[in-house]
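The basis for the numbers below is simple: all heavy atoms, side chains too, and nothing from hydrogens, waters or symmetry mates.
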Amino acid sequence: MEELLKRPTKRRGFYVEMRLLHKNGRQQQQLEKNSCFKYYKWVLWFSLTLYFFSSYFISHNKPIPLSRTHFSNSKSNLPSRALIESVNTTSLQHPTRGALEDLKIYVYELPSKYNTDWLSNERCSNHLFASEVAIHRALLNDDVIRTFDPYEADFFFVPVYVSCNFSTVNGFPAIGHARTLISSAIQLISSQYPFWNRTHGSDHVFVASHDYGACFHAMEDRAIADGIPEFLKKSIILQTFGVKYQHPCQEVENVVIPPYVSPVSVRKTLEKAPVSGRRDIQVFFRGKMEVHPKNVSGRFYSKRVRTVIWRKYNGDRRFYLQRHRFAGYQSEIVRSVFCLCPLGWAPWSPRLVESVVLGCVPVIIADGIRLPFPDAVKWSDISLTVAEKDVATLGPILDHVAATNLSIIQKNLWDPDVRRALLFNDRVEEGDATWQVIRALSQKLDRSYRRSEVSGQ
């Protein structure tokens, strides 16, 4: 522990020196007099010049986006092409420029039982709760925001995966072990490092990408009863759950993040989309809809909203409603004008992200929901919000929008910056979801022990 408390010497970079060594001055003079050696030097100079010249163009010229090999320049195709190009776009500028360039995050290297062991199940890194994996991976791959020197860190990321314990009964993530696993990780870092204890964890960051965040339960009443564990109440939680009213499961410093949607699956869907960009489905929803809502210990799924949708609009030619799972459902979203995003057990849903990135106008039916990254995504400009009590009048509401300002909403929806902000990539890219997380943390630097220490000197 004494060694940890002593600030380690910083290593600022790598320095490469190239020198030509000559063993014998006399041999060099003889060689220089030799015409063959002069020819050899010319060939060597020419080869090196050609090598560096070629390397420059290879590294600086980007490949042609896939969209340009599949789509024409007709006006009818512009929206579809914009969607694909925005997903294929890499960072134009490193995300650490400007206000973020000095922010540093230290990532704890925990034993594999807390994170990477769970990746043996492929679903762990691809399902809707996989932002805990995606953020960890992006930070590990970053070479500027991430620091290996914990003493220069503003925040400490604790990578614990708690959403990958899939039930053998229904296949859903079982998160009953979450509190124990995170508590164990905190005990480990607090006993081996001094950083948790000096702030009681206020500059430490965790991901809770479940129905009700750090309350770790899928049912709201149980989540409220259990509450956020005491050991997390001073930390920063990155969570998919958020509402605009008081709720015990967000009574902690938090950042609302989007559920995980694979950028690879989005790109593949867009590449296979109709070349014309035509959307032949007016209103789309696929998911659980109870014909007779089941009372689960006093709780009705989706507060009966989905049941009303099914009873009212099943059979309506404007609505394409499906109750059964289909692995290729993104191909239906990309053909749709409006995509319904009703609440389930929790207010949020991956449909929010899938609709936006596939160009379908999200129709949000979840009273009081707090949406991710409002500074980057102007949700009121790209979506519709319908009150739960008004769900029976969805038809007339959507007809009115289609006849008035639909084209304006769609134009806003095709903004590549909006789409980029909701997708997590393997590396931090300017404007993407992990970049938005870092940006949100930059607004919480009053929690940084390093900053307070500097300002106090």
Side-chain angles (χ1 to χ4, degrees), residues 87 90 105-143 145-148 155-189 192-193 204-211 213-214 216-218 232 235-241 255 257-269 325 327 330 348 350 353-354 357 422-429 432-438:
V87 174
T90 55
I105 299 176
Y106 180 78
V107 181
Y108 282 110
E109 295 184 12
L110 299 178
S112 60
K113 69 177 183 178
Y114 293 103
N115 40 61
T116 54
D117 280 355
W118 295 100
L119 295 177
S120 58
N121 187 327
E122 189 176 343
R123 280 186 64 195
C124 183
S125 58
N126 288 300
H127 68 140
L128 75 162
F129 299 139
S131 54
E132 60 184 6
V133 179
I135 295 172
H136 183 206
R137 180 182 294 146
L139 290 176
L140 289 180
N141 288 332
D142 186 80
D143 58 358
I145 292 290
R146 184 191 182 192
T147 178
F148 290 91
F155 298 103
F156 297 79
F157 185 77
V158 188
V160 183
Y161 303 168
V162 299
S163 300
C164 296
N165 184 26
F166 299 104
S167 169
T168 56
V169 177
N170 55 25
F172 297 140
I175 54 177
H177 69 300
R179 294 169 184 264
T180 303
L181 192 65
I182 293 177
S183 175
S184 171
I186 291 174
Q187 290 177 10
L188 179 68
I189 61 177
Q192 295 188 1
Y193 299 88
H204 284 55
V205 182
F206 297 81
V207 180
S209 53
H210 330 99
D211 294 78
F216 301 117
H217 205 285
L232 285 179
S235 298
I236 301 171
I237 309 297
L238 310 179
Q239 57 186 52
T240 44
F241 171 73
V255 176
I257 62 174
Y260 181 80
V261 173
S262 168
V264 174
S265 69
V266 170
R267 185 174 65 250
K268 289 180 178 179
T269 299
R325 294 183 182 183
Q330 286 188 356
W348 63 273
V353 175
E354 290 169 322
V357 299
L422 298 176
L423 292 176
F424 293 96
N425 297 292
D426 287 346
R427 291 182 177 275
V428 183
E429 297 179 5
D432 78 351
T434 306
W435 190 93
Q436 301 297 339
V437 167
I438 296 168

Q: What's the spacing between I175 CD1 and S209 OG if we round to 0.5 Å?
A: 9.0 Å

Q: Do D142 side-chain atoms and V428 backbone N/O form a donor-acceptor pair below 3.5 Å?
A: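 Looks like no, no N/O pair under 3.5 Å.
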
Q: Any donor-acceptor pair under 3.5 Å linking the side chain of E132 with the backbone of V162?
A: yes

Q: Restricting to non-hydrogen atoms, name the atom on H127 and the atom on C164 that form the minimum distance, rounded to 0.1 Å.
A: NE2-SG, 4.4 Å

Q: I want to check something: taking the side chain as every heavy atom from C-beta on, are I105 and T147 in contact at a cut-off of under 4.5 Å?
A: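 Result no, sub-4.5 Å side-chain heavy-atom pair not found.
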
Q: Compute the ring centroids of F156 and Y193, then answer whether they are less than 6.0 Å apart.
A: no

Q: So do L422 and V261 actually touch side chain to side chain, heavy atoms under 4.5 Å?
A: no

Q: Measure across L181 and Y114 and return the closest heavy-atom pair with its distance rounded to 0.1 Å.
A: O-CE2, 3.5 Å

Q: Taking atom NE2 of H136 and atom OG of S125, what is their separation to the nearest 0.5 Å?
A: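 Result: 13.0 Å between the selected atoms.
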
Q: Would you check if P258 and F424 make a side-chain contact, meaning some heavy-atom pair closer than 4.5 Å?
A: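 Yes, close enough: below the 4.5 Å cut-off.
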
Q: Supply the atom-to-atom distance I438 CD1 to Q436 CD, rounded to the nearest 0.5 angstrom.
A: 9.5 Å

Q: Which heavy-atom pair separates A130 from C124 by the least distance, and what is that distance?
A: CB-O, 3.4 Å

Q: Could you report the tightest heavy-atom contact between F241 and Q239, atom names first, then the distance?
A: O-NE2, 2.8 Å

Q: Keeping S131 on the side-chain end and Y260 on the backbone end, is there a donor-acceptor pair under 3.5 Å?
A: no

Q: Given the rule in the ring-ring contact (aromatic ring centres under 6.0 Å, His included) test, do W118 and H177 qualify, once you have shown the distances and angles that lead to the verdict?
A: CA-CA 13 Å; W118 295 100; H177 69 300; 5.5 Å; yes

Q: Are D432 and L423 side-chain neighbours, meaning at least one heavy-atom pair lies under 4.5 Å?
A: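 No, too far: nothing below the 4.5 Å cut-off.
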
Q: Indicate yes or no for a side-chain donor-acceptor contact from N141 to the backbone of D426 under 3.5 Å, with no hydrogens or angles considered.
A: yes

Q: Taking CZ in R123 as the centre, count heavy atoms belonging to other residues, nucleotides or ligands within less than 6.0 Å. Is the count above 12?
A: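 Yes, the 6.0 Å shell around CZ holds more than 12 heavy atoms from other groups.
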
Q: Could you check whether any side-chain heavy atom of P111 comes within less than 4.5 Å of a side-chain heavy atom of L188, counting everything from C-beta outward?
A: yes

Q: With rounding to the nearest 0.5 Å, note down the distance linking CH2 in W435 to CG in N425.
A: 13.5 Å

Q: Hey, does P159 have a side-chain heavy atom less than 4.5 Å from the side chain of Y108?
A: yes

Q: In the structure I gave you, are the side-chain heavy atoms of V158 and I186 within less than 4.5 Å of one another anywhere?
A: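 A side-chain contact is absent here, since even the closest heavy-atom pair is not under 4.5 Å.
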
Q: Do the side chain of S184 and the main chain of T180 share a donor and acceptor less than 3.5 angstrom apart?
A: no

Q: Which heavy atom in P350 sits nearest to a heavy atom in L128, and how many Å separate them?
A: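 It is CD-CD1, 3.7 Å.
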
Q: Any side-chain heavy atom of F216 sitting closer than 4.5 Å to one from L232?
A: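 The answer is yes, as the side chains (C-beta and beyond) meet within the 4.5 Å cut-off.
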
Q: Show the nearest heavy-atom pair for residues F166 and N121, with the distance to one decimal.
A: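 Taking every non-hydrogen atom into account, CD1-ND2, 3.4 Å.
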
Q: Quick one, I257 with T240, criterion side-chain contact (heavy atoms from CB on, under 4.5 Å). Give me CA distance, side-chain angles, the key distance, then yes/no.
A: CA-CA 5 Å; I257 62 174; T240 44; 4.1 Å; yes

Q: NE2/H217 to NE2/H210 distance, rounded to the nearest 0.5 angstrom?
A: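 It is 12.5 Å, given to the nearest 0.5 Å.
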
Q: What is the distance from atom OH of Y106 to atom CG of L139, rounded to the nearest 0.5 Å?
A: 13.0 Å

Q: For this output row, return yes or no: ring centroids of F155 and F157 closer than 6.0 angstrom.
A: no

